[in-house]
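First the structure, in the form of C-alpha cells, and then the observations on it.
Proteins get letters first, then strands, A, B, ... in listed order; numbering begins at 1 in each.
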There are 2 protein chains.
Amino acid sequence: MKWSEIGGTPCSVARALSVVGDRWVLLVLREAFMGVRRFEDFRSRTGMSRRVLAERLTALVEEGVFERRAYSDRPERFEYRLTAKGRDLYPVLVALLNWGDHWMADEEGPAVELVHDPCGATVHPVQTCPRCGQAIDPRAMTPVLKRDLRAT
Amino acid sequence: MKWSEIGGTPCSVARALSVVGDRWVLLVLREAFMGVRRFEDFRSRTGMSRRVLAERLTALVEEGVFERRAYSDRPERFEYRLTAKGRDLYPVLVALLNWGDHWMADEEGPAVELVHDPCGATVHPVQTCPRCGQAIDPRAMTPVLKRDLRAT
DNA sequence: GGACTAAGTTCCAGAATGGAACTTGCTCGG
DNA sequence: CCGAGCAAGTTCCATTCTGGAACTTAGTCC
C-alpha cells in the first residue's frame, strides 16, 4: 500500500494521518500554534526546505487546515492562518509535547511551557473521560471495531 | 536541515516527532493499541512493506517504545509489546482519532469507537487542565518560550 | 542604480520507498 | 521422506521523495 492511499481507509486515525501524518507538517503546526503565519518564518524556524514547505502548505490549504490570505498587495504577500479544523489539531500537538517532555527531556528542562490562562497554572493537559471526568488510562479503554480498517 | 537532525533540537515536540513522527510508525502504534504484537499482523493490517516495517520496529525497540521478546523458540519467533514509554503515546493516538472522527468522517460513522470501561460510555476523551479541570481551549493557552527551539 | 525582502519555483544528486523474490528454521499432511 | 506452508526477516531494483542551492518576481529602501 502506498501512503497516498491511506486516506481512503475507513479508519479515522489513518485519515487524520493522511493530512497530518508527516514529520514536517507537525512541525509547521507547532509553529502555527506559537503564532507563526508567514512562509519565511515557518521556514527559518523549522529548518525545512522551501520546496517541501511550499508543497505542504498548499496541501494543508486544500485540506482546509490553513487558510491562505494576502496580508499585502504590491507586492503580493500571503500568510497562512489556522482554520477551525486546524485549531482542532491542538490536542495532537499537546499530546506530543507532553510525551516529549516526559520521555525525551534533558537536564535543562522543557523549551516550551504551557500556561492555562484562566487558572494561571503551567500545566501538562491530561485526557479525561467527558462522561465521568476520570483521567484516561489506556488499559481502561476498549476499542470497539465496527468495520474492517482496510476496507474501502 | 535533515530529518535525522530533528531529535537534537531542544523542542519536545520535535523530539517526540523524531521517534513517532512517521506515517507508518503511527499506524503501527494504532495496531499496537488494538492488541497487535506480531510482525505479520502489523504488516497485513497496515499494508506497509516488510522492509519498512522491519526498519521501524527496530528503531522503536531502540527508542524503548516497544520491547521485542520471543514468544517461541524453535523456530524463534518474536513479538513486539508496548513498553510504558510506548503506552504513554496513547493520548497522541486518541487525539488523532478524535480529530479524524470529527473532520474526516464519512456517512458510515467511525470504524472504531472507544469505550471507557469504568463508566461504560462510548467517548471521545477531552484534554483538560489538571489544575482547574476545565476543558482546554487552544486560545486559552499561552506557550512560554524558554529557549530557542533551533539551538542545540 | 544596487542591495534587500518575501514567497515561491526549478533543478539535480542522493536518500527513502514499495513490491516482489529469497532465506531460515520449523511444522504439518500424506 | 517429500513438498507445502508459515513467520520473521533480508535483499534487490526501479520509482518517488528530499535537501540544498540557484533563480524569479514584484516591490521597498538607501
Any salt bridge linking R50(B) with E40(B)? Criterion: basic side-chain nitrogen under 4.0 Å from a carboxylate oxygen. yes

Choosing from dG8(C), dT17(C), dC26(C), which nucleotide comes nearest the side chain of R68(A)? dG8(C)

When you check the side-chain N and O atoms of Y80(B) and R68(B), is any donor under 3.5 Å from an acceptor? yes

Check ion pair R69(B)-E67(B) (N to O, under 4.0 angstrom): yes

Considering only heavy side-chain atoms of S49(B), the closest of dA7(C), dG19(D), dG18(C) is dG18(C)

From the set dC26(C), dA7(C), dG9(D), return the single nucleotide nearest to any side-chain atom of Y80(B). dG9(D)

Please check the phosphate of dG18(C) (OP1 and OP2 only) for any side-chain N or O of W24(B) closer than 4.0 Å. yes

Name the nucleic acid region contacted by Y71(A), choosing base, sugar-phosphate or nothing; use a 4.0 angstrom heavy-atom cut-off, strictly under. sugar-phosphate

Is it true that the NZ or CZ of R56(B) lies under 6.0 Å from the centre of F42(B)'s six-membered ring and within 45 degrees of the ring axis? no

Expressed as a whole number of angstroms, how long is the span from R69(A):CZ to dA7(C):P? 15 Å

Where the side chain of A54(A) is defined as all heavy atoms beyond and including C-beta, which of dG8(C), dT18(D), dG18(C) is the nearest nucleotide? dG8(C)

Is a donor-acceptor pair below 3.5 Å formed from side chain R77(A) to base dA7(C), judging by atom type as modelled? no

Nearest 0.5 Å please: distance from the OG1 atom of T83(B) over to the CD atom of E63(B). 10.5 Å

For F78(A), the rest of its hydrophobic cluster, which grows through side-chain links under 4.5 angstrom: none

Neighbour count above 12 (heavy atom, 6.0 Å) for R81(A) CZ: yes

Just to be sure I understand the rule, does R50(A) reach a base, reach only the sugar-phosphate, or reach nothing, if contact means heavy atoms closer than 4.0 Å? base

Check whether any side-chain nitrogen or oxygen of R74(A) sits under 4.0 Å from OP1 or OP2 of dG27(D), and answer yes or no. yes

Which whole-number value in Å describes the distance from E76(A) CD to dT28(D) P? 13 Å

Would you call V65(B) and L29(B) a side-chain contact if the rule is heavy atoms closer than 4.5 Å? yes

Specify the separation, in whole Å, of atom CG of L53(B) and atom P of dA8(D). 10 Å

Contacts under 3.5 Å, N or O only, protein and nucleotides 2-4 of chain C:
none

Let me know the distance between CZ of R43(A) and C1' of dT9(C), rounded to the nearest Å. 14 Å

Take atom CD of E40(A) and atom P of dG27(D), then tell me their distance rounded to the nearest Å. 19 Å

To the nearest angstrom, how far is L60(A) atom CG from dG8(C) atom C1'? 16 Å

When F78(A) and E5(A) are each assigned the nearest nucleotide of DNA chain C, the 5'-most assignment goes to F78(A)

Give me, pair by pair, the N or O atoms of the protein and of nucleotides 12-17 of chain D that are less than 3.5 Å apart, along with how far apart they are.
unit_1  : atom_1 : unit_2 : atom_2 : d
dC12(D) : N4     : R51(B) : NE     : 2.9

NA contact type, F42(A), heavy-atom cut-off 4.0 Å: base, sugar-phosphate, or nothing? nothing

Can you check the F66(A) CZ to dA7(C) P distance for me, whole Å? 14 Å

Give the rounded distance in Å between these two atoms: CE of M48(B) and C1' of dG9(D). 14 Å

Taking only Lys NZ, Arg NE, NH1 and NH2, and the carboxylate oxygens of Asp or Glu, determine whether K146(B) and D101(A) approach each other closer than 4.0 Å. no

Of all the nucleotides listed (dA7(C), dC26(C), dA8(D)), which has the minimum atom distance to the side chain of F39(B)? dA8(D)

What's the verdict on side chain to side chain contact (heavy atoms under 4.5 Å, CB included) for W24(B) and I6(A), showing C-alpha distance, side-chain angles and the deciding distance? CA-CA 10 Å; W24(B) 296 119; I6(A) 221 67; 4.1 Å; yes

